[in-house]
Amino acid sequence: MPRLMELWAKRGLVPDRWYGVRSGIDGGFIDVDVEIAGLAPCVAAQIAESMRAVFGVDQVLVSEKRMAVRV
């Protein structure tokens, strides 16, 4: 997880939410869920690509949450 956190920190970004937990039968996996508001899609794509390059990372998913605007 520290190697993943570094990718955000070196850009001066602090996620709104960071959740990490060990998983798997022997705790050999780590699941991480990161949320940050207002991040440009191109920056999100760059960070995701950097995360994929970290040794041991299996999968990185990126999604955009859109909020409904009330009028």
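Side chains are part of it too, since the values below use all heavy atoms of this structure and drop only hydrogens, waters and symmetry mates.
When all heavy atoms are compared, the tightest approach of Gly24 to Phe29 is CA-CD1, 4.0 Å. Contact between Ile36 and Val14 at its shortest, heavy atoms only, is CD1-O, 3.8 Å. The heavy-atom pair separating Val62 from Ala44 by the smallest distance is CG1-CB, 4.3 Å.
Remark: Gln46 CD to Leu7 CG distance equals 11.5 Å, nearest 0.5 Å. Rounded to the nearest 0.5 Å, atoms CG (Asp31) and CE (Met1) are 9.5 Å apart.
Taking a cutoff of 4.0 Å between a charged side-chain nitrogen and a carboxylate oxygen, Arg3 and Glu6 do not qualify as a salt bridge.
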>> Walk me through whether Leu4 and Val57 qualify under side-chain contact (heavy atoms from CB on, under 4.5 Å).
In response: CA-CA 9 Å; Leu4 298 177; Val57 172; 4.1 Å; yes

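Side-chain contact between Ile47 and Val34 is absent, with no heavy atoms from C-beta onward closer than 4.5 Å. Within the 4.5 Å cutoff, side-chain heavy atoms of Ser50 are placed close to those of Arg11.
Between the side chain of Asp33 and the main chain of Tyr19, no donor-acceptor pair closer than 3.5 Å is present.
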